[in-house]
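Keep in mind it's a predicted model, so treat the numbers as computed, not measured.
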Amino acid sequence: MARTVTLIPGDGIGPEVTGSAKEVIAALDVDIEWEIAEAGEAVMEKEGTPLPETVLESIRRNKVALKGPLTTPVGTGFRSVNVALRKELDLYANIRPALSLPGLDLPYKDIDILLFRENTEDLYAGVEHMVGRHAAESIKIITREGTERICRMAFEYSRDQGRRHVTVVHKANIMKYTDGLFREVFYEVARDYENDFEEIDERIVDNMAMQLVMKPNLYDVLVCPNLYGDILSDLCAGLTGGLGVAPGANIGEDIALFEPVHGSAPKYAGQNRANPLATLLSAKNMLYYLGYNEAADRMQEAINAALKNPETRTKDLGGSAGTREFTRAIVANLG
């Protein structure tokens, strides 16, 4: 039977990059049917909300979704739809791989870092308010339950992938209660997995940022609270080519949502200039999640072949191809 997957095309370049993913997956002959669910700025006027309940219903029904980038207004307007999706669906784990790709001229080689970011707590819980007229306060929330489940997923997932080194990132030297609890629970969970890994250690977040730009090849798996994970995952993306090559996944107990990390870039919409690679890599990871391992492997090989040729790389990666040309090259490589 065909597997139905919710597809949220997104704003700006979203329809182009998700269209690329659909085209490549169709060429793989994987038995997936797409259920389109519109969200974001594009439906705000019509629906009165950027996240209609029908979108949530579709994802809950299908259990798996692929999402294009969505616009979030800065300073005013609606809150982030991305954050709302994670909270409404309890997608507590944000998994961000940073993997070196062929054909890209970068200072670092052979990067392979997997970052686990707690997705629902910390300062992103959105508990903030004004204190009088001249002060604003945001409350940092770390719970034992929330920390334990992200840590356990990180260890389980990393063990299944054959990874050997797990590092917890924190600022417990300063925030002794909140980050202190995150660190404490990490080591409690780690006791169940100490025989599965060669090294389990910790880094203070500012030192971790320095370590990643000086000797990133020393690191394998990072486990972070929400804010640090957001910042460090972008740093890791920079090591491997930027947000244009950065896939993401938001995982809960029985629901998974895959998405590129980059924004909607509305000024490039419809110009055949968008790099669909982050969405393609997110779709590839979705195929692994669904058990289509052979198809996912073929997709990665076809992407690698397209990246090695400057004529089929997109311009932001030093090539000359547009969105459509890059996609066609990947499809041709599948043949």
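- By the neighbour-count criterion of 12 heavy atoms within 6.0 Å, atom NZ of Lys22 is sparsely surrounded, having that number or fewer from other residues, nucleotides or ligands.
- Hydrophobic clustering, with ILVMFWY side chains joined whenever heavy atoms are under 4.5 angstrom apart, groups Leu7 together with Phe258.
- A distance of 11.0 Å separates OG1 in Thr120 from CG in Asn94, rounded to the nearest 0.5 Å.
- The ring pair (Phe, Tyr, Trp, His ring centres under 6.0 Å) with Phe116 is formed by just one residue from the set Tyr228, Tyr92, Tyr157, Phe186; it is Tyr157.
- One side chain, Thr167 or Asp201, offers a donor N or O that lies under 3.5 Å from an acceptor on the other.
- Judged purely by atom type and a 3.5 angstrom limit, Lys176 has no side-chain atom pairing as donor or acceptor with the backbone of Leu181.
- Using modelled atom types, one side-chain atom of Thr312 and one backbone atom of Asn309 make a donor-acceptor pair closer than 3.5 Å.
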Problem set entry | Derivation and outcome, salt bridge (Lys or Arg N to Asp or Glu O under 4.0 Å), residues Arg117 and Asp230 | CA-CA 7 Å; Arg117 166 192 171 195; Asp230 192 5; 3.8 Å; yes
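- Between the side chains of Arg96 and Ser233, a donor-acceptor pair is found at a separation under 3.5 Å.
- Separation of atoms OG1 (Thr178) and CG (Asp122) is listed at 7.5 Å; rounding is to 0.5 Å.
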For this session: Dump the intermediate steps for salt bridge (Lys or Arg N to Asp or Glu O under 4.0 Å) on Arg298 and Asp29, then the final yes or no.
Result: CA-CA 11 Å; Arg298 288 177 58 213; Asp29 200 26; over 6 Å; no
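- Test Arg149, Glu121, Glu118 against Thr143 for side chain to side chain donor-acceptor pair (under 3.5 Å) and you get one pass: Glu121.
- Ile111 and Leu232 fall within the same hydrophobic cluster, where Ile, Leu, Val, Met, Phe, Trp and Tyr residues are linked whenever their side-chain heavy atoms come under 4.5 Å apart, directly or through other members.
- In the model, Asn119 has no side-chain atom that pairs as donor or acceptor with a side-chain atom of Tyr124 under 3.5 Å.
- There is no side-chain donor-acceptor pair under 3.5 Å between Glu198 and His165.
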Exercise. Yes or no on salt bridge (Lys or Arg N to Asp or Glu O under 4.0 Å) for Lys140 and Asp179, after CA distance, side-chain angles and deciding distance?
Worked result: CA-CA 10 Å; Lys140 180 182 174 88; Asp179 284 26; 3.1 Å; yes
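- Checked by atom type and distance alone, the side chain of Arg203 never pairs as donor or acceptor with a backbone atom of Asn207 at under 3.5 Å.
- Asn62 places a side-chain heavy atom less than 4.5 Å from the side chain of Ser58.
- Atom-to-atom distance recorded for Ile150:CD1 and Cys224:SG is 9.0 Å, nearest 0.5 angstrom.
- In this structure the side chain of Asp220 never reaches within 4.5 angstrom of the side chain of Leu114, judged on heavy atoms.
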For this session: List the steps, then state whether salt bridge (Lys or Arg N to Asp or Glu O under 4.0 Å) holds for Lys284 with Asp297.
Result: CA-CA 8 Å; Lys284 179 206 72 174; Asp297 289 341; over 6 Å; no
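- Note on Ile36 and Ile255: separate hydrophobic clusters, where clusters join Ile, Leu, Val, Met, Phe, Trp and Tyr whose side-chain heavy atoms are under 4.5 Å apart, directly or indirectly.
- Proximity of a side-chain donor or acceptor of Asn217 to a complementary backbone N or O of Asp110 within less than 3.5 Å is detected.
- Counting only distance, with no hydrogens or angles, the side chain of Asp196 and the backbone of Asp160 share no donor-acceptor pair below 3.5 Å.
- Here the rule is side chain to side chain donor-acceptor pair (under 3.5 Å) with Lys67, and of Thr279, Thr6, Asn82 only Asn82 fits it.
- The two residues Val55 and Glu38 make their nearest non-hydrogen contact at CG2-O, 3.2 Å.
- Note on Tyr108: it clusters hydrophobically with Leu235, by side-chain heavy-atom contacts below 4.5 Å among ILVMFWY residues.
- Here CG of Leu51 is found 11.0 Å from CE of Met44. Values are rounded to the nearest 0.5 Å.
- Side chains of Glu311 and Ser320: no donor on one and acceptor on the other come within 3.5 Å.
- Thr71 and Ser264 are linked by a side-chain donor-acceptor pair at a separation below 3.5 angstrom, with hydrogens and angles left out of the test.
- Across every non-hydrogen atom of Leu280 and Ser20, the tightest pair is CD2-OG, 3.7 Å.
- Looking at heavy atoms from C-beta onward, Val64 lies in side-chain contact with Arg3 at the 4.5 angstrom threshold.
- For the pair Arg164 and Glu199, the salt-bridge criterion is not met [side-chain N within less than 4.0 Å of a carboxylate O].
- One finds the OH atom of Tyr289 at 10.5 Å from the CG atom of Leu257 (value rounded to the nearest 0.5 Å).
- Looking at Glu156 and Ser158, their side chains never bring a donor and an acceptor atom within 3.5 Å of each other.
- With Arg313 contributing its side chain and Ala321 its backbone, the two residues share no donor-acceptor pair below 3.5 Å.
- Val30 is connected to Leu290 through a chain of hydrophobic side-chain contacts under 4.5 Å among Ile, Leu, Val, Met, Phe, Trp and Tyr, so both are in one cluster.
- Summarising the geometry, atom CG belonging to Asp192 is positioned 5.0 Å from atom CZ belonging to Arg152; distances are rounded to the nearest 0.5 Å.
- A pairwise comparison of heavy atoms in Glu16 and Asn272 identifies OE1-N, 3.5 Å as the closest pair.
- For the residue pair Glu301 and Asn333, no side-chain donor N or O sits within less than 3.5 Å of a side-chain acceptor on the partner.
- In this structure, the side chain of Lys215 does not engage the main chain of Leu212 through any donor-acceptor pair within 3.5 Å.
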